[in-house]
Asks: 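Mind looking over this structure? Questions follow.
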There are 2 protein chains.
Amino acid sequence: MAETARTPVSRLRADGSPSDGTADAKSRYGNRPTMKDVAARAGVGLKTVSRVVNGEPGVTPDTERRVQEAIDALGFRRNDSARVLRKGRTASIGLVLEDLADPFYGPLSRAVEEVARAHGALLINGSSAEDPDREQELVLALCARRVDGLVVIPAGDDHRYLEPEIAAGVATVFVDRPPGRIDADVVLSDSFGGARDGVAHLIAHGHRRIGFIGDQPRIHTAIERLRGYRAAMADADIDVDESWVSLGPTDPERVRHAAESMLTGPAPVTAVFAGNNRVTVTVVRVLAALPRPVALVGFDDIELADLLSPGVTVVAQDAAQLGRTAAERLFRQLDGASDAPERIELPTRLITRGSGELAPAD
Amino acid sequence: MAETARTPVSRLRADGSPSDGTADAKSRYGNRPTMKDVAARAGVGLKTVSRVVNGEPGVTPDTERRVQEAIDALGFRRNDSARVLRKGRTASIGLVLEDLADPFYGPLSRAVEEVARAHGALLINGSSAEDPDREQELVLALCARRVDGLVVIPAGDDHRYLEPEIAAGVATVFVDRPPGRIDADVVLSDSFGGARDGVAHLIAHGHRRIGFIGDQPRIHTAIERLRGYRAAMADADIDVDESWVSLGPTDPERVRHAAESMLTGPAPVTAVFAGNNRVTVTVVRVLAALPRPVALVGFDDIELADLLSPGVTVVAQDAAQLGRTAAERLFRQLDGASDAPERIELPTRLITRGSGELAPAD
DNA sequence: TAGAACCTGGACAACGTTGTCAGATGCAAG
DNA sequence: CTTGCATCTGACAACGTTGTCCAGGTTCTA
């Protein structure tokens, strides 16, 4: 059945609609009822409708009923744009991350959303695709929408463009990577410590020639994890052969090439530390095709890592906790806390599953 | 932790321009500069500023420069709330899905975002957590924000509450599951056909006792996939023992219990068809602990499925394509197309990796 | 040189809501 | 039958932007 009462006529209309008299009048949506319309229908004043809609006190039950009937009859829905204009707060926050499709960011944005929801706010989000210009464009678009706050996983390394916004009261928290050239709240995982522990774990199982494959060097976490790698190696008095280290984009081709080359040189590595989830996945594929076992520890947990053989040992960070902490910090700012910008570092956790405990196959 | 003093009037820093005398009654709260402020500073009219900001023609280069300088000096950013109020279009679309953290929805929302971006729109999104009330609440909140359009992965089965919105011109497209009790565009994967093919594949490899574990029966895809299962079984003249069929929540406990019980009865199944990615993951775990091999085909592809042994055979749907198609359809509506609501069904693809080709271990 | 055609700039009125404030109304007490 | 007081109610002015429209000024044509 399902016959619709949809009017085929007024779907929406581009700005310069032909003829149709004044463009100033309602050439936009099919006419949506406003509070004025509701007031007229209910035979009350405009403000009374506003009071009913917002549950303000001071309306007789009888009046309220009349207004409610008019609202239902007309299908009225408050226009929040106008409300925002008047009140100044939008009850929405922006989340700028690198890629919504990356499994690492899913739980993170979900956590941010949960916190936002608990505070009655909606979440607007966008992917920067690791492009600083796009990050800035997105952030500024969000500011133009007057989001109350921003959670940013930065792609760029210069955030001075945010200074006027922050000064104007846009609460801002960075996550996963610190901001560049401004002082602001930031929530991070302990990339340095996590990587150091992971590499130390490999060393403890007898490895000395250990490879490191990480993300591009302009990304803070990549540098930190490499630093952790070097620290662990130094602690064990192992000289790092620079052919064991590779930073760059994390697309499968590049990573595969990097892995293969450090596995085949004159001094082939017996273990690999993978700098993030995407790297790990590709390295697992490369190692699976090898005749000899090569140990592997990856940064970030991956689904099904426990079911591979051997299971993949990882340094896990809690993406959801990262997002939750950041969002909570954001709303603390919005609630008026005026603490100095703080850097919060969350611990990582080594999960041993087998691949990191393989002995070197020398 | 030390408690910090909270002042209600905190981070809003009214930029005190000492020389400017006009800042008396107007700028009581640390407000942002408006076009009026810019106009005053540049010594031009309000509308001229608007023209510069929007790149409209009819401004001398010299005037434009003066205005631009004032904009930069004040850190002016157009207030889109006001703009929206005036123009009627928000250049934003809403996406309501089940769970942002589910790996199936990541690529889908990313695709929607890409299309939105290509049309200059931002994406507001929220998770319904499979709760119809929450879905409605979210959708209506988005409508109050006056999003131009909605992409909805429905949790509920009655969407008549959307009728006034659609009539008022909110473009609407459903994805992954059809809407309930209204007529609207919908983009689906071919759940029925995909499941039928997957089960037929198992039958072709000699299985006759095949289990089906799916999502809750109020979810459309769960029903469709079960229908596909029954169709394939009927085509092969196999009577389905109802102890082989289990629908319900997809949490690991429930799925594990369902799998174990159909694997241990008097007529234990020799193969399992898993109704979605979450079910598959748990079933893989259960089967991995079994002494005898049991065949498995899962609906939805999973990362690393190829690296397990055996590799997991799946009926893959293209989540990104689903999102892209829906979003494109949405913007076609917004561009004024007034086609009748349409149902678009995307094909699935069987990917054989080993688990689905195991012979029955009778 | 006057008039027309054109260009630039600005005054003003919306858009739909909420905060303020003063006017109505009802009821009890004087 | 007033007065006082508490409740309700509605007119009106913002909020910051854009569409309309007209006033000046300039250049070009007759």
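As a basis for the values below, the full set of heavy atoms in this structure was taken, side chains included, without hydrogen atoms, waters or symmetry mates. Quick caveat: nothing in here was measured; it's all calculated off a predicted structure. Numbers restart at 1 for each chain; the letters A, B, ... are given by sequence-line order, proteins then strands.
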Asks: In terms of side-chain heavy atoms of B:Asn79, which of D:dA11, D:dG16, C:dG10 is nearest?
Replies: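 Between D:dA11, D:dG16, C:dG10, the one nearest the side chain of B:Asn79 would be D:dG16.
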
Asks: Side chains of A:Asn54 and A:Arg78 only: does a donor on one sit below 3.5 Å from an acceptor on the other?
Replies: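 The criterion, which ignores hydrogens and geometry beyond distance, is satisfied for A:Arg78 and A:Asn54.
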
Asks: Between atom CD of A:Glu69 and atom CZ of A:Arg41, what is the distance when rounded to the nearest 0.5 Å?
Replies: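 Answer rounded to 0.5 Å: 9.0 Å.
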
Asks: When the distance from CZ of A:Arg32 to C1' of C:dG16 is rounded to whole Å, what number comes out?
Replies: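 Atom-to-atom, A:Arg32 to C:dG16, this comes out as 12 Å.
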
Asks: Does OP1 or OP2 of C:dG9 have a side-chain N or O of B:Thr63 closer than 4.0 Å?
Replies: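 Checking B:Thr63 against C:dG9: at least one side-chain N or O falls below 4.0 Å of OP1 or OP2.
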
Asks: Just how far, in rounded Å, is C1' of C:dT17 from CZ of A:Phe76?
Replies: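 It is 9 Å, rounded to the nearest whole Å.
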
Asks: OP1, OP2 of C:dG9 versus side-chain N and O of B:Thr60: anything below 4.0 Å?
Replies: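 Result: yes.
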
Asks: With respect to the phosphate group of D:dT18, does any side-chain polar atom (N or O) of B:Asn54 fall under 4.0 Å of OP1 or OP2?
Replies: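 It does, given that an N or O in the side chain of B:Asn54 lies less than 4.0 Å from OP1 or OP2 of D:dT18.
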
Asks: Taking the side chain of B:Ala82 as heavy atoms from C-beta outward, which of D:dG16, C:dG16, C:dG10 is closest to it?
Replies: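 It is D:dG16.
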
Asks: Donor-acceptor pairs under 3.5 Å, side chain of residues 150-158 of chain A to any protein atom, not counting sequence neighbours: which ones?
Replies:
from, atom 1, to, atom 2, distance (Å)
A:Asp158, OD1, A:Arg160, N, 3.1
A:Asp158, OD1, A:Arg160, NE, 3.1
A:Asp158, OD2, A:Arg160, NE, 3.3
A:Asp158, OD2, A:Arg160, NH2, 2.7

Asks: Choosing from C:dG19, D:dT9, C:dG16, which nucleotide comes nearest the side chain of A:Thr34?
Replies: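 For the A:Thr34 side chain, the nearest candidate turns out to be C:dG16.
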
Asks: With a 3.5 Å cut-off and just heavy-atom distances, do the side chain of A:Lys36 and the base of C:dG16 make a donor-acceptor pair?
Replies: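 Counting by modelled atom types and ignoring angles, no donor-acceptor contact under 3.5 Å is found here.
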
Asks: Measure from CD on B:Glu56 to C1' on C:dG10 and round the result to the nearest Å.
Replies: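 Distance check: B:Glu56 CD to C:dG10 C1' gives 14 Å.
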
Asks: Would you classify A:Val84 as touching base, sugar-phosphate or nothing, given that sugar-phosphate means primed atoms plus P, OP1 and OP2, and contacts are heavy atoms under 4.0 Å?
Replies: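 The residue A:Val84 makes no contact with any strand.
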
Asks: Give the rounded distance in Å between these two atoms: CZ of A:Arg83 and P of C:dT17.
Replies: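 About 10 Å, once rounded to whole Å.
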
Asks: Hey, what's the ring geometry for B:His159 with B:Phe174, parallel, tilted or perpendicular (30° and 60° as the breaks)?
Replies: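 Perpendicular: the ring planes of B:His159 and B:Phe174 meet at over 60°.
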
Asks: Expressed in angstrom and rounded to an integer, what is the separation of B:Asp62 atom CG from C:dC7 atom P?
Replies: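 Interatomic distance, CG of B:Asp62 to P of C:dC7: 19 Å.
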
Asks: C:dG10, OP1 or OP2 - any side-chain N/O from B:Thr48 closer than 4.0 Å?
Replies: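 Affirmative; the distance criterion is met.
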
Asks: Any donor-acceptor pair under 3.5 Å linking the side-chain atoms of B:Asp99 with those of B:Ser127?
Replies: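 Absent: no donor and acceptor within the cut-off.
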
Asks: Using whole Å, report how far NZ of B:Lys87 lies from P of C:dA13.
Replies: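 That distance rounds to 21 Å.
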
Asks: How close or far is atom P of D:dG16 from atom CZ of B:Arg78, stated in whole angstroms?
Replies: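 For the pair B:Arg78 CZ and D:dG16 P, the rounded distance is 15 Å.
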
Asks: Please test A:Leu97 against A:Ser109 for side-chain contact (heavy atoms from CB on, under 4.5 Å), starting from the C-alpha separation and ending with a verdict.
Replies: CA-CA 9 Å; A:Leu97 37 70; A:Ser109 30; 4.1 Å; yes

Asks: Mind checking A:Val53 for me? I need base, sugar-phosphate or nothing, with any heavy atom below 4.0 Å counting as a touch.
Replies: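 A:Val53: no heavy atom of the nucleic acid under 4.0 Å.
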
Asks: Rounding to an integer number of Å, can you tell me how far A:Leu85 CG sits from C:dT18 P?
Replies: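 That distance rounds to 11 Å.
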
Asks: If each of A:Val44 and A:Arg86 is mapped to the nucleotide of DNA chain D with the nearest heavy atom, which maps nearer the 5' terminus, i.e. the 5' end?
Replies: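 The 5'-side residue here is A:Val44.
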
Asks: Please round to 10 degrees the angle between the axis of the first five pairs and the axis of the last five pairs in the helix from C:dT1-D:dA30 to C:dG30-D:dC1.
Replies: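 End-to-end axis angle for the helix from C:dT1-D:dA30 to C:dG30-D:dC1: 60°, rounded to 10°.
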
Asks: Any N or O donor-acceptor pair under 3.5 Å from the base of D:dG10 to the side chain of A:Arg51?
Replies: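 Pair found.
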
Asks: If the threshold is 4.0 Å, N to carboxylate O, is there a salt bridge linking B:Glu113 and B:Arg324?
Replies: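 So B:Glu113 does not pair with B:Arg324 through a salt bridge.
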
Asks: Any heavy-atom pair between the side chains of A:Asn79 and A:Arg32 that's under 4.5 Å?
Replies: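 Answer no - side chains too far apart.
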
